[in-house]
There are 2 protein chains.
Amino acid sequence: MLAPVTTPRYVALAALVRDRIAGEQLAPHTLLPSERELGDAHGVSRMTARQALTLLEREGLVYRRPPRGTFVAEPRVRFHVGSFSEEADRQGRRPAARLLWAERQEPSPDTRRALGLAEGEEVHAFHRVRSMDGVPLALETTYFPADLTPGILDVGVEGSLWAVLRERYGVDPATSTAVLESIILDDVSQAHLGAGSATTGILLTRSTYDTAGRCIEHARDVYRADRASFEVTATVAPPD
Amino acid sequence: MLAPVTTPRYVALAALVRDRIAGEQLAPHTLLPSERELGDAHGVSRMTARQALTLLEREGLVYRRPPRGTFVAEPRVRFHVGSFSEEADRQGRRPAARLLWAERQEPSPDTRRALGLAEGEEVHAFHRVRSMDGVPLALETTYFPADLTPGILDVGVEGSLWAVLRERYGVDPATSTAVLESIILDDVSQAHLGAGSATTGILLTRSTYDTAGRCIEHARDVYRADRASFEVTATVAPPD
DNA sequence: TGCACCACTTGGTATATACCAAGTGGACCA
DNA sequence: TGGTCCACTTGGTATATACCAAGTGGTGCA
């Protein structure tokens with residue numbers, strides 16, 4: 001199920017293994033228990049244990065080397081471009097958001113252009129620290145057209161803003177375009193993300209459109225470069 | 001298996017469904033047969049049919065909406081992570097390649113897995129510096145299955161290898177998956193790219209597939225982070 | 001001592017089965 | 001006619017089982 005009432009066992013087991021890797025500081029390339037051992041140890045079948053490891057593999061947290069076993073991967077969280085919360089859900093991880101500020105403001109020219117707003121139209125802006133499983137991963141600045149989102153500044157901002165868009169405003173994100181580039185984190189960003197000095201970041205400038213092609217969100221997300229990676233699947237343009 | 005002698009049934013079934021979607025021009029959001037029907041129709045168990053659909057789901061070709069069924073996804077709109085040459089062309093810039101080496105070699109386990117090769121099968125590898133308008137931008141290591149590309153080591157490598165694939169070997173790149181991450185350039189890479197010390201790079205690990213879903217190319221491209229950015233367009237999964 | 005070989009373990013594939021939660025659509029009742 | 005409700009179908013989860021290919025490591029032979 002998409003929204004199971006009870007946590008599936010394989011998700012729970014994956015969380016357990018994930019915590020163990022983080023908690024015991026298992027070094028990259030450490031050999032993990034085999035699927036059979038893991039299943040026996042936690043009272044689930046091998047296929048369920050396998051599903052848990054597959055989840056972690058898709059997150060990039062472990063890798064498999066048949067017939068040797070499953071190993072701890074170099075740390076990095078993998079993202080598809082889109083919603084932070086929904087990406088976390090897909091990976092069975094706990095997304096969280098800490099609000100730094102939220103306000104109605106005059107958009108910058110860039111933001112106004114991205115959202116296709118006219119002169120004088122305002123935006124609702126959110127600035128949040130996003131984390132997964134308690135680890136700060138990204139600094140997110142999100143802009144919505146104010147006309148489209150009356151009252152959004154008063155709603156809870158712990159979770160997915162896309163969910164709010166859908167449920168409260170009937171707006172459906174359909175496509176997203178993003179530009180990824182590498183940057184050097186400034187002091188403030190370093191502090192918020194708990195990163196050391198001279199750490200690089202990945203800047204993801206994102207525009208999201210609804211089914212009618214209207215731009216409904218513009219965002220500037222800064223990820224810790226050492227913790228995030230981005231996966232892209234695309235159709236190749238046919239040759240001319 | 002890592003390098004199956006026989007194609008797994010779920011891969012074959014996925015290819016069949018993939019071709020059907022492309023061949024019959026199934027419109028986005030068309031309902032596909034249920035997992036049970038698909039399995040029965042092709043003489044495999046539901047779990048195997050499910051595995052095939054999961055493969056297609058990960059490719060972004062289909063999406064699931066329980067309990068309604070599995071549907072054809074929206075096609076990806078644009079592609080900006082792929083062929084260096086073709087991207088340069090699109091931007092009206094002069095792409096160039098300087099060959100560092102090209103050889104037939106035993107693939108690494110990673111490369112073998114990515115290309116789906118059996119033990120003992122070899123690859124043709126190219127290592128090139130790519131530049132645009134005379135500015136070095138990327139270090140590219142590209143692997144092709146040797147069986148698929150006889151004699152490719154002797155062709156000119158100043159331009160697009162994809163063009164060679166199409167014209168000489170009749171192989172058509174259809175989809176591409178890539179993972180982008182941030183790395184620190186080593187000394188050799190810095191030298192080749194004309195970058196200063198402690199410069200960061202963007203590592204793009206890319207697999208390209210033909211229309212049959214066969215992996216025809218695997219590449220590790222290292223871009224100067226200060227010179228490159230990547231544009232991504234993605235279809236958002238419809239809401240639950 | 002050195003090497004060939006084989007048993008064992010691993011993840012990968014495949015099947016059969018079972019139950020669950022949740023939309024869908026039609027039957028049925030008011 | 002209009003609305004309620006339930007059977008059916010769907011994908012999601014979970015188990016048990018079986019066989020395969022391929023590294024690993026130890027045994028045992030030359």
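Here is how names work: the chains are called A, B, and so on, in the same order as the sequence lines, proteins then strands, and each is numbered from 1. In what follows, every heavy atom counts, from backbone to side chain, and hydrogens, waters and symmetry copies are set aside.
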Q: Rounded to the nearest angstrom, tell me the gap between atom CD in B:Glu37 and atom C1' in D:dG11.
A: 13 Å
Q. Can a side chain N or O of A:Arg50 be found less than 4.0 Å away from OP1 or OP2 on C:dG11?
A. no
(Q) Closest approach to the side chain of A:Arg64, judged atom by atom: which nucleotide of C:dT13, C:dG11, C:dT15 is it? (A) C:dG11
Q) Of A:Met47 and A:Leu53, whose closest DNA chain C nucleotide lies nearer the 5' terminus? A) A:Leu53
(Q) Could you check whether A:Thr208 and A:Glu217, counting side-chain N and O atoms only, form a donor-acceptor pair closer than 3.5 Å? (A) yes
Q: From the options C:dT10, D:dA14, C:dA16, select the nucleotide whose nearest atom is closest to the side chain of B:Ser45.
A: C:dA16
Q) Between D:dG11 and B:Thr70, is there an OP1 or OP2 to side-chain N/O distance shorter than 4.0 Å? A) yes
(Q) What's the closest nucleotide to the side chain of A:Pro67 if the choices are C:dA22, C:dT10, C:dT13? (A) C:dT10
Q: Report the distance from atom CZ of A:Phe71 to atom C1' of C:dT10, rounded to the nearest whole Å.
A: 10 Å
Q: Could you state the atom-to-atom distance from CG of B:Leu55 to C1' of C:dA14 in whole Å?
A: 16 Å
Q) A:Gln51 has a side chain; which of D:dT13, D:dG12, C:dG11 sits nearest to it? A) D:dT13
Q. Is any side-chain N of the basic residue among A:Glu37 and A:Arg46 closer than 4.0 Å to the acidic one's carboxylate O?
A. no
Q. A:Thr149 and A:His124: side-chain hydrogen bond (donor to acceptor under 3.5 Å, both in side chains), yes or no, with the steps?
A. CA-CA 8 Å; A:Thr149 52; A:His124 288 139; 2.9 Å; yes
Q. Which nucleotide in the list D:dT13, C:dG11, D:dG23 gets nearest to the side chain of B:Arg112?
A. D:dG23
Q. D:dT9 C1' sits how many Å from B:Asp40 CG, rounded?
A. 14 Å
Q) Can you tell me how far C1' of D:dA16 sits from CD of A:Glu35, to the nearest Å? A) 15 Å
Q) Quick one: does A:His29's side chain get under 4.5 Å of A:Val72's, heavy atoms only? A) no
Q) Could you state the CG-C1' distance from A:Leu13 to D:dT15, rounded to the nearest angstrom? A) 15 Å
Q) Within the structure, does a side-chain N or O atom of A:Arg68 lie under 4.0 Å from either OP1 or OP2 of C:dT9? A) no
(Q) Is it the case that C:dG11 (base atoms only) and A:Arg36 (side chain only) share a donor and an acceptor within less than 3.5 Å, ignoring hydrogens and angles? (A) yes
Q: Take atom CG of B:Leu56 and atom P of D:dG11, then tell me their distance rounded to the nearest Å.
A: 13 Å
Q | Whole-Å gap separating P (D:dT10) and CZ (B:Arg46) | A | 10 Å
Q) 5'-most contact on DNA chain D: B:Ser34 or A:Val44, nearest heavy atom basis? A) B:Ser34
Q.
Does C:dA14 have its OP1 or OP2 closer than 4.0 Å to a side-chain nitrogen or oxygen of B:Thr48?
A. no
(Q) By the 4.0 Å heavy-atom rule, please label A:Arg9 as base, sugar-phosphate, or nothing. (A) sugar-phosphate
Q: State which of D:dA14, C:dT15, C:dA14 makes the closest approach to the side chain of A:Tyr10.
A: D:dA14
Q: Look at the aromatic rings of A:Phe71 and A:Tyr63 and report parallel, tilted or perpendicular, splitting at 30° and 60°.
A: parallel
(Q) I'd like to know if the side chain of B:His127 pairs up with that of B:Thr141 as donor and acceptor (distance under 3.5 Å, no hydrogens or angles considered). (A) yes
